[in-house]
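Note sheet for the following structure.
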Number of protein chains: 4
Amino acid sequence: MYFCKRLLTYKMTEKQEKILNSALELFAREGYNATSTSKVAAHAGVSEGLIFRHFRNKRGLLMAILAEGDKKLKSLFEDIVLESDPIEVIRKSIILPFSVPESEYEFWRLQYKLKWEIEMDYSHKTEPLTMALALAFVKLNYESPQQEAEFLTLSLDAMGASLIKGSMNNSDKMKSFLLKKYGL
Amino acid sequence: MYFCKRLLTYKMTEKQEKILNSALELFAREGYNATSTSKVAAHAGVSEGLIFRHFRNKRGLLMAILAEGDKKLKSLFEDIVLESDPIEVIRKSIILPFSVPESEYEFWRLQYKLKWEIEMDYSHKTEPLTMALALAFVKLNYESPQQEAEFLTLSLDAMGASLIKGSMNNSDKMKSFLLKKYGL
Amino acid sequence: MYFCKRLLTYKMTEKQEKILNSALELFAREGYNATSTSKVAAHAGVSEGLIFRHFRNKRGLLMAILAEGDKKLKSLFEDIVLESDPIEVIRKSIILPFSVPESEYEFWRLQYKLKWEIEMDYSHKTEPLTMALALAFVKLNYESPQQEAEFLTLSLDAMGASLIKGSMNNSDKMKSFLLKKYGL
Amino acid sequence: MYFCKRLLTYKMTEKQEKILNSALELFAREGYNATSTSKVAAHAGVSEGLIFRHFRNKRGLLMAILAEGDKKLKSLFEDIVLESDPIEVIRKSIILPFSVPESEYEFWRLQYKLKWEIEMDYSHKTEPLTMALALAFVKLNYESPQQEAEFLTLSLDAMGASLIKGSMNNSDKMKSFLLKKYGL
DNA sequence: AATGAATGAGGGTTCATTCAT
DNA sequence: AATGAATGAACCCTCATTCAT
């Protein structure tokens, strides 16, 4: 594994965090390939060499960001996965993309970008959500719970993408439309 | 506009086409930023300089590809947009992503990649489809035809993405599920 | 093989030759590792990128130099190898290191440097000389012609090294001493 | 002078010795320029900074190694220089390169490497040997004792180099050949 | 004595692009 | 139309070295 062990502990030097934040911002804005390590260093107010001392690689830097991101993702899904009421599972899932605070758009844009830029396998990350939804649809006696769950997951993912790209005009309407569509 | 005038005419030299095809393939596979003009030239069996003679820029090369792609996209939508039977509009829309031949995956992968890599505005391209669907849903007395159309468009886009990435296990099931969902 | 094909033909661009000459000079003076490609480029009055266009690698540049050097080496040995008179073979061999013009010291210093710096296999290059000497010693009924030849080759190599390093005080005396030692 | 004072005393910390040994090994194997201080530190299991605390410089580290090596060299020559019997002087000299244990090849390879890599003046180190030989040849009434001594020194040096590089096939034959050549 | 964070300069190499032919 | 020589800027990364702890 590439990413620095320190990341997994709670101790991280100030500069290390600056690098990580700058990289997240720039990767998310310009893309991974289009962002040079020197730009990251400059943005973080740090010598370029330090990036490599802490993260070995440009790739290692990316992995460190993704590792941190995965934790965020898991905690987001946790609330849904642990929910026992199927109605609530669906409601919370639908609400999810619409309740992401703008401050986190950066992180999500990066996820979407990387999904395509570096052919990152992303589908397994949403799997817990799909499974929770499938279970909920089973409980609610839907005819094809698995397809239903997969479809909803993909659609919500698409909603999220649309929101982040700013190409959805009326997100509130879309949210309530979806809730109604699933009888909520 | 950057792209070479020749593109708009129907005459294109053999080498010009080779460049275009190679660029499409490489951009789609590796991404725009990660593909160097020298790689394109080598893959096309052409001198690097020729790319710039014909397309001015690396960006111009990209634009030329996209221009050609837009035509393909339009012709795909045409059949749907011109359909008057609302049921057929919906059916054809749903079927669309599932009936893209694998030989065209490359082109579509490029579209998806660029959507994120160069923050390409893509939503307007699907607008004709959304409008056709909205009209269909109006005719069929759906409650929120506009949201319905937007939602379906986004979802189908997501289906397409999933198909191309190879992360959809059972596309046939998903297709028939969708058709049934819309009462077809 | 790394080195540019052009080297083997007689056509070489002016700048290509400048690069080669500069590299020879600098590699010989400072050593291969201690000489940066940027130094070579500056010394040759050429952009650094050009080095890589023509020789692919820093290593490729080195190989190109060595390839040219090998030809020089072979032509030096040719006169000895083709000699049929055993006395002459020995005489010419002994004289060889002492008759290298100072203008070629650079090239030879590079050979010696590389022999150690990059663990270059060098012994096979002197093999033709050893064989010619062995044959001569056989003809002259020496007791251990093979050892005699190997010993002389190694010793002459050492003479050459000493000469090039400037650590031999009286090369003329040494030359005549050697000639006398072998009865010439 | 660069090298750490501690070297000249007989007390050296464990880590200091580890550094020295690692540096010797790596310099000998890869060359001085091609070996980074970080590699040395890693190989020695020591922080990189410690190298500079103890040896000031990368160069200082090298000097420390060479200083230690010089002692080894002197003790090797001592036995020859103190010998009064001229026959024995020559015999011991000839035997010298052939009796270096393989465990010391590393050290000698470094000497040879540095001779060329950093244009290290090496000839003065062999001077005591040359002088001892010259004296021996005088005693034995050789015609040109000085040349004879210089020649033998250089040749033996070349033997050593050949042995270390592994390019001498039959070292035993060569040794006895040499002994016979000098009437021993 | 020893560490590890931090740096600035420079390493080799690739880049998109221009130009003479 | 087409080539290939040529460039300068930027690329990712490693270097020897310093410093606070």
Side-chain angles (χ1 to χ4, degrees), chain A residues 4 6 12-16 18-19 33-41 44-61, chain B residues 6 12-16 19 33-41 44-61, chain C residues 4 6 12-16 18-19 33-41 44-61, chain D residues 6 12-16 19 33-41 44-61:
Chain A
C4 171
R6 302 293 299 263
M12 227 194 297
T13 64
E14 201 191 342
K15 304 220 171 190
Q16 219 164 335
K18 270 190 197 165
I19 293 173
N33 280 308
T35 303
S36 67
T37 49
S38 79
K39 273 188 223 157
V40 174
V46 150
S47 76
E48 200 178 351
L50 194 57
I51 294 179
F52 297 90
R53 190 161 228 309
H54 283 311
F55 305 98
R56 165 125 77 238
N57 266 356
K58 192 189 173 185
R59 189 106 195 164
L61 177 55
Chain B
R6 301 293 301 262
M12 228 194 296
T13 65
E14 199 192 343
K15 303 219 171 190
Q16 222 163 334
I19 293 173
N33 280 307
T35 303
S36 66
T37 50
S38 80
K39 272 188 221 157
V40 174
V46 152
S47 77
E48 205 176 346
L50 195 56
I51 293 179
F52 294 87
R53 185 159 212 330
H54 283 314
F55 304 96
R56 166 129 73 222
N57 262 353
K58 192 188 173 186
R59 189 101 193 169
L61 177 56
Chain C
C4 171
R6 303 291 301 263
M12 227 195 298
T13 63
E14 200 192 342
K15 304 220 169 190
Q16 220 164 333
K18 271 189 195 164
I19 292 173
N33 281 308
T35 304
S36 67
T37 50
S38 78
K39 273 188 222 157
V40 174
V46 150
S47 76
E48 201 178 351
L50 195 57
I51 294 178
F52 296 88
R53 192 163 226 309
H54 283 312
F55 304 98
R56 166 123 79 240
N57 267 355
K58 192 188 174 186
R59 189 106 195 164
L61 177 56
Chain D
R6 302 294 302 261
M12 228 193 297
T13 66
E14 200 193 343
K15 303 219 171 188
Q16 222 163 333
I19 293 173
N33 280 308
T35 303
S36 65
T37 50
S38 79
K39 273 189 220 157
V40 174
V46 151
S47 76
E48 205 176 346
L50 195 57
I51 294 179
F52 294 87
R53 184 153 210 338
H54 282 313
F55 305 96
R56 166 129 74 221
N57 262 352
K58 192 187 173 186
R59 191 101 193 168
L61 177 56

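No experiment lies behind these values; they were computed from the predicted model shown. Convention: sequence-line order gives letters A, B, ...; per-chain numbering from 1.
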Base-pair string, DNA chain E, Watson-Crick plus G-U, cut-off 3.5 Å on both distances, | for inter-strand, is .||||||||||||||||||||
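Across the protein-nucleic acid pair, Leu61(D) atom CG and dC15(F) atom P stand 15 Å apart, rounded to whole Å. Spacing between atom CG of Leu50(A) and atom C1' of dC15(F) amounts to 15 Å, rounded to whole angstrom units. Atom CG in Asn33(C) sits about 13 Å away from atom C1' in dC15(F), given to the nearest Å. In this structure, the NZ atom of Lys18(C) is 14 Å from the C1' atom of dT7(F), given to the nearest Å. Summarising the geometry, the separation between CE on Met12(B) and C1' on dA1(F) is reported as 15 Å, rounded to the nearest angstrom. Separating the CD1 atom of Ile51(B) from the C1' atom of dG4(F) is a distance of 13 Å, rounded to the nearest angstrom. dG4(E) atom P lies 13 Å from atom CD of Gln16(A), rounded to whole Å. Across the protein-nucleic acid pair, Lys58(C) atom NZ and dG11(E) atom P stand 9 Å apart, rounded to whole Å.
The residue Thr37(D) sits close to a base: some heavy atom pair falls under 4.0 Å.
Of the candidate nucleotides dA6(F), dA16(E), dG12(E), dG12(E) has the atom lying nearest to any side-chain atom of Ser36(C). The listed nucleotides are dA1(F), dA2(E), dC13(F); the one nearest the side chain of Lys15(D) is dA2(E). Here the nucleotide nearest the side chain of Ser47(A), chosen from dA6(F), dT7(E), dG11(E), is dT7(E).
The closest donor-acceptor contact from the side chain of Lys58(B) to the backbone of Thr35(B) lies under 3.5 Å.
Listed pair Thr13(D) / dA2(E) meets the phosphate criterion, a side-chain N or O lying under 4.0 Å from OP1 or OP2. Neither OP1 nor OP2 of dT14(F) sits under 4.0 Å from any side-chain N or O of Lys39(D). Phosphate proximity of dA6(F) to His54(C): present, with a side-chain N or O under 4.0 Å from OP1 or OP2. One finds a side-chain N or O of Arg53(D) lying less than 4.0 angstrom from the OP1 or OP2 phosphate oxygen of dA1(E).
Residues Phe52(A) and Thr37(A) approach most closely at CZ-CG2, 3.7 Å, considering heavy atoms.
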Atom pairs, N/O to N/O, protein against nucleotides 18-20 of chain E, distance under 3.5 Å?
none

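Expressed to the nearest 0.5 Å, how far CD1 of Ile19(D) lies from OG1 of Thr13(D) amounts to 7.0 Å.
Listed by chain and number, the residues in a side-chain contact (heavy atoms from CB on, under 4.5 Å) with Ala41(D) are Glu48(D), Ile51(D) (sequence neighbours excluded). Under the side-chain contact (heavy atoms from CB on, under 4.5 Å) criterion, Ser36(B) pairs with Ser38(B), Lys39(B), sequence neighbours left out.
Mapped onto DNA chain F by nearest heavy atom, Ser38(A) and Ala34(D) fall at different nucleotides, with Ser38(A) at the one closer to the 5' end.
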